[in-house]
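Contents: one structure, followed by commentary.
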Amino acid sequence: RIEEAKKLFEKNKKYLKYKSPINNIDGKLRKINRYIGMVQLDKKLTGDQKNKKLEVAFTQRKNLSQQINKILRAIRES
């Protein structure tokens, strides 16, 4: 079993370097999505205030999604 684990590790070693950046981006996306939900439900904000806050959050989410796409391309090409 140890030999199998070693072989599996060696086979997938090149993918492990992507784990940390992917997890980091995933955490940021989760926070942004939570924030978006909170803004949408906030009854104290006007429509304009919500739009401004959501625009920033959507831009951040788009940028992070682009980073994930770059990582996925790098994985496919490796």
Do the side chains of R73 and N69 get nearer than 4.5 Å, heavy atoms only? yes

What distance do I68 atom CD1 and N63 atom CG have between them, rounded to the nearest 0.5 Å? 12.5 Å

Do side-chain atoms of K28 reach the backbone of Q60 as a donor and acceptor pair under 3.5 angstrom? no

According to salt bridge (Lys or Arg N to Asp or Glu O under 4.0 Å), who are the partners of R30, at least two apart in sequence or on a separate chain? D26

Does the side chain of F58 come within less than 4.5 Å of I36's, by heavy atoms? yes

List the residues meeting side chain to side chain donor-acceptor pair (under 3.5 Å) with Q49, not counting sequence neighbours, and say none if there are none. T46

Hey, any chance L72 and L64 share a hydrophobic cluster, counting ILVMFWY side chains that come within less than 4.5 Å of each other, even indirectly? yes

Side-chain heavy atoms nearer than 4.5 Å, only ILVMFWY residues, links allowed to pass through others: does that put M38 and L29 together? no

NZ/K7 to CD/E10 distance, rounded to the nearest 0.5 angstrom? 11.5 Å

Could you check whether atom CD of Q66 has more than 12 heavy atoms from other residues, nucleotides or ligands sitting under 6.0 Å from it? yes

d(I22 CD1, I75 CD1) to nearest 0.5 Å is 4.5 Å

Just to verify, what does N33 make a side chain to side chain donor-acceptor pair (under 3.5 Å) with, not counting sequence neighbours? R61

NZ (K43) and NZ (K50) are apart, to the nearest 0.5 Å, by 7.0 Å

Between atom NZ of K19 and atom CG of N12, what is the distance when rounded to the nearest 0.5 Å? 12.0 Å

When rounded to the nearest 0.5 angstrom, what distance separates CD1 in I25 from CD1 in I71? 4.0 Å

